[in-house]
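This report refers to the structure that appears directly beneath it.
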Protein chains: 2
Amino acid sequence: MRLRHIEVFHAIYTTGSITNAAKLLHVSQPSVSKVLSHAEMQLGFKLFDRVKGRLIATHEADLLFKEADRIYRQINTINDAAYNIKNNDLGQISIALAPAFGFDLIPQAVAEYRKKHQNIIFNIQTLHNEEVLKHLLRHKSEVAILFSPDSYSGISEINFGTGNLVVVYPIKLLPHKPSKISIEELEQYPLISISDSGPLANLINQEATQKAITLRNVIKVKTYFIAVNLVKHGAGVCIVDEFTAKSQQSDNIAIAQLEDPLEFSIKGLHLENKSLSTVTRNFLDLFKNKF
Amino acid sequence: MRLRHIEVFHAIYTTGSITNAAKLLHVSQPSVSKVLSHAEMQLGFKLFDRVKGRLIATHEADLLFKEADRIYRQINTINDAAYNIKNNDLGQISIALAPAFGFDLIPQAVAEYRKKHQNIIFNIQTLHNEEVLKHLLRHKSEVAILFSPDSYSGISEINFGTGNLVVVYPIKLLPHKPSKISIEELEQYPLISISDSGPLANLINQEATQKAITLRNVIKVKTYFIAVNLVKHGAGVCIVDEFTAKSQQSDNIAIAQLEDPLEFSIKGLHLENKSLSTVTRNFLDLFKNKF
DNA sequence: ATCGTCTATAACCTGAGGTTATGGGGAGTT
DNA sequence: AACTCCCCATAACCTCAGGTTATAGACGAT
């Protein structure tokens with residue numbers, strides 16, 4: 001039984017006549033008549049009795065109708081689904097991100113996107129650099145947004161823009177509130193360092209090594225905003241990305257640029273074989289425009 | 001999205017390649033390729049990315065697949081259903097009948113039919129003459145089997161055969177166990193009559209009127225086998241159809257033919273506009289052969 | 001009789017979906 | 001680098017399901 005058979009059968013059964021079914025389906029009456037004959041021939045039994053020029057459903061038709069009706073409704077759902085998918089009104093965007101993006105950048109972009117596309121579901125979670133590969137390969141997220149990530153084979157990169165490392169310090173410590181600080185100056189202050197490895201930590205370490213500076217790493221943290229909050233409590237100074245710094249501002253700390261800027265990139269990673277869905281691409285375009 | 005699109009999409013998605021899908025569907029590879037392109041064109045978005053000559057499902061495809069899979073399974077069920085209907089292996093036979101047929105005739109026929117067609121469900125109930133019209137018009141049963149029913153317009157009749165009225169009497173009352181009794185003899189015995197109206201009652205009343213006989217109707221019952229059971233307990237004699245009589249036989253009663261036989265017909269009634277289903281017709285043919 | 005309604009049939013057209021043949025790109029092997 | 005295998009896309013072609021209009025027959029109602 002072809003889909004057209006089911007459609008036509010359903011239409012005739014519900015409207016009660018071939019003529020009405022033809023109107024409902026917006027085709028000619030002979031067309032419906034012929035499709036019905038063909039369906040009956042193929043099935044091997046009559047669906048309707050022709051009595052006095054009218055159609056009367058057979059018991060076989062009654063039995064089949066139950067099934068046909070279910071299919072008929074599902075056909076409608078798939079076409080609705082297809083329509084919604086095409087119009088970006090259905091779908092899921094699942095992104096993983098470094099915690100730093102979770103304060104302002106992503107929330108702002110998500111809120112903006114959802115104003116336009118209310119049926120899109122977001123799936124957001126934070127992840128650390130070392131988990132990226134595993135995470136993507138297991139399809140836990142479609143895309144991961146990170147600071148200067150390593151390249152992996154089989155994983156594509158999207159460039160969103162760049163950011164700078166900044167120094168966050170307690171105002172008590174530097175009451176003159178400098179807007180620029182050289183990395184050499186930091187030697188004299190206790191430093192809350194943002195973990196041993198990771199792209200941003202490497203950036204700082206490289207700079208220190210190159211300039212033959214020894215930083216006083218008194219506390220090591222893995223999550224950047226914790227470093228800033230430690231500074232708030234006077235535990236020392238820290239070097240973090242500007243986004244984390246800005247999002248955690250308060251009265252007793254201040255932000256200074258580095259004399260010699262340390263720039264990092266912001267990139268999205270996703271599986272090379274699995275291209276991004278249209279909705280996700282649209283969202284990432286919006287996100288990119290924030291830079 | 002046409003059914004073929006769904007089938008092809010489903011096959012590609014599950015097998016992972018156009019080539020395998022073509023094998024699965026028993027068509028050529030270019031055919032599948034073309035149907036997929038057509039589906040994507042009509043949908044307005046890609047279902048698979050062609051990366052390095054291979055197909056990778058898009059996120060849109062993932063979303064659609066959930067729906068497609070449900071439809072796909074449904075399509076299979078309707079074709080199974082159609083097959084079973086054609087082979088009389090699916091369906092329902094709903095018959096209403098006078099209680100008299102419920103002892104041997106119908107149970108025997110049903111049991112025999114069900115040996116051959118185990119998936120046919122029977123729906124059997126008894127009904128009284130006056131309810132027939134209402135019953136059929138409300139589609140409560142497909143066919144009603146009755147004694148000498150009236151004709152109604154819009155209702156077709158099927159003739160199964162004939163039966164005779166017989167006299168059931170307690171052996172104590174007539175110890176010589178006559179095998180024939182005239183209706184005149186019955187005047188002397190208390191009679192359990194089988195209701196005022198109804199075809200069989202009319203038959204008896206007409207005979208009595210014609211022969212100017214007054215029967216002693218001491219008990220009136222509506223259900224024939226109750227009359228016979230009253231006879232068993234010595235309450236009198238009764239005139240009932242031969243089928244009820246035979247089915248209720250016991251040691252202390254006997255059956256006698258009437259001197260002048262009173263014959264009635266056994267007919268099936270069904271809606272003229274709604275022809276009988278093949279399964280029901282088959283069953284009724286089997287039933288007819290019992291006479 | 002006659003009109004309106006419904007179904008079936010005839011004659012015809014179009015395009016979805018099938019075929020075979022062929023070519024190109026990627027991956028693995030020699 | 002060349003060879004080979006696998007997979008997909010394209011071209012040229014065919015067929016029939018499913019569409020069209022025109023028409024005729026059957027039935028109910030006026």
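Every chain is numbered from 1, with letters handed out A, B, ... down the list of sequences. Just so it is clear, the model here is predicted, and its values are computed rather than measured.
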Atom pair distance, as rounded to whole Å: [atom1] in [X] and [atom2] in [N]:
X: B/L36; N: C/dG18; atom1: CG; atom2: C1'; answer: 16 Å
X: B/Q42; N: C/dA16; atom1: CD; atom2: C1'; answer: 11 Å
X: A/M41; N: D/dC16; atom1: CE; atom2: P; answer: 12 Å
X: A/R4; N: C/dA16; atom1: CZ; atom2: P; answer: 14 Å
X: A/R2; N: D/dA17; atom1: CZ; atom2: C1'; answer: 8 Å
X: A/F48; N: C/dA8; atom1: CZ; atom2: C1'; answer: 16 Å

Side-chain N or O of B/S33 less than 4.0 angstrom from OP1 or OP2 on D/dC8? no
Taking OP1 and OP2 of D/dG18, is either one under 4.0 Å from a side-chain nitrogen or oxygen of A/H5?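 Indeed, a polar side-chain atom of A/H5 lies that close.
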With ring centroids as reference points, do B/Y72 and B/F65 lie under 6.0 angstrom apart?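 They do not qualify: ring centres at least 6.0 Å apart.
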According to side-chain contact (heavy atoms from CB on, under 4.5 Å), who are the partners of A/F45, at least two apart in sequence or on a separate chain? A/L43, A/L47, A/E60, A/L64, B/I85, B/K86
Going by the rule salt bridge (charged side-chain N to carboxylate O under 4.0 Å, His left out), which residues pair with [X] if we only count those two or more places apart in sequence or in a different chain?
X: B/D80; result: none
X: A/D49; result: none
X: A/R114; result: none
X: B/E263; result: none

Got a sec? Which of residues 9-32 of chain A come in under 4.0 Å of DNA chain C, heavy atoms?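 Only A/S17, A/I18, A/T19, A/Q29, A/P30 qualify.
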Less than 3.5 Å apart, which donor and acceptor atoms pair up between the side chains of residues 17-27 of chain A and the rest of the protein, not counting sequence neighbours?
from: A/S17; atom 1: OG; to: A/N20; atom 2: N; distance (Å): 3.0
from: A/S17; atom 1: OG; to: A/N20; atom 2: ND2; distance (Å): 3.2

Check nucleotides 26-29 of chain D for protein N or O atoms closer than 3.5 Å to its own N or O atoms and list the pairs.
none

Side chain proximity check, B/I75 to B/I6, heavy atoms < 4.5 angstrom: no
Of A/R50 and A/K34, whose nearest nucleotide on DNA chain C comes first from the 5' end? A/R50
Taking only residues at least two apart or on different chains, which pairs with a member in residues 5-22 of chain B satisfy salt bridge (Lys or Arg N to Asp or Glu O under 4.0 Å)?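 Listed by first then second residue: B/R4-B/E7.
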Of residues 67-78 of chain A, the positions that come close to DNA chain D - non-hydrogen atoms, cut-off under 4.0 Å: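 Residues of residues 67-78 of chain A that come under 4.0 Å of DNA chain D do not exist, since none gets that close.
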Report the residues that fulfil ring pair (Phe, Tyr, Trp, His ring centres under 6.0 Å) with B/H128, sequence neighbours left out, ordered by chain and then residue number. none
By side chain to side chain donor-acceptor pair (under 3.5 Å), which residues pair with A/R54, not counting sequence neighbours?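 Expected list: none.
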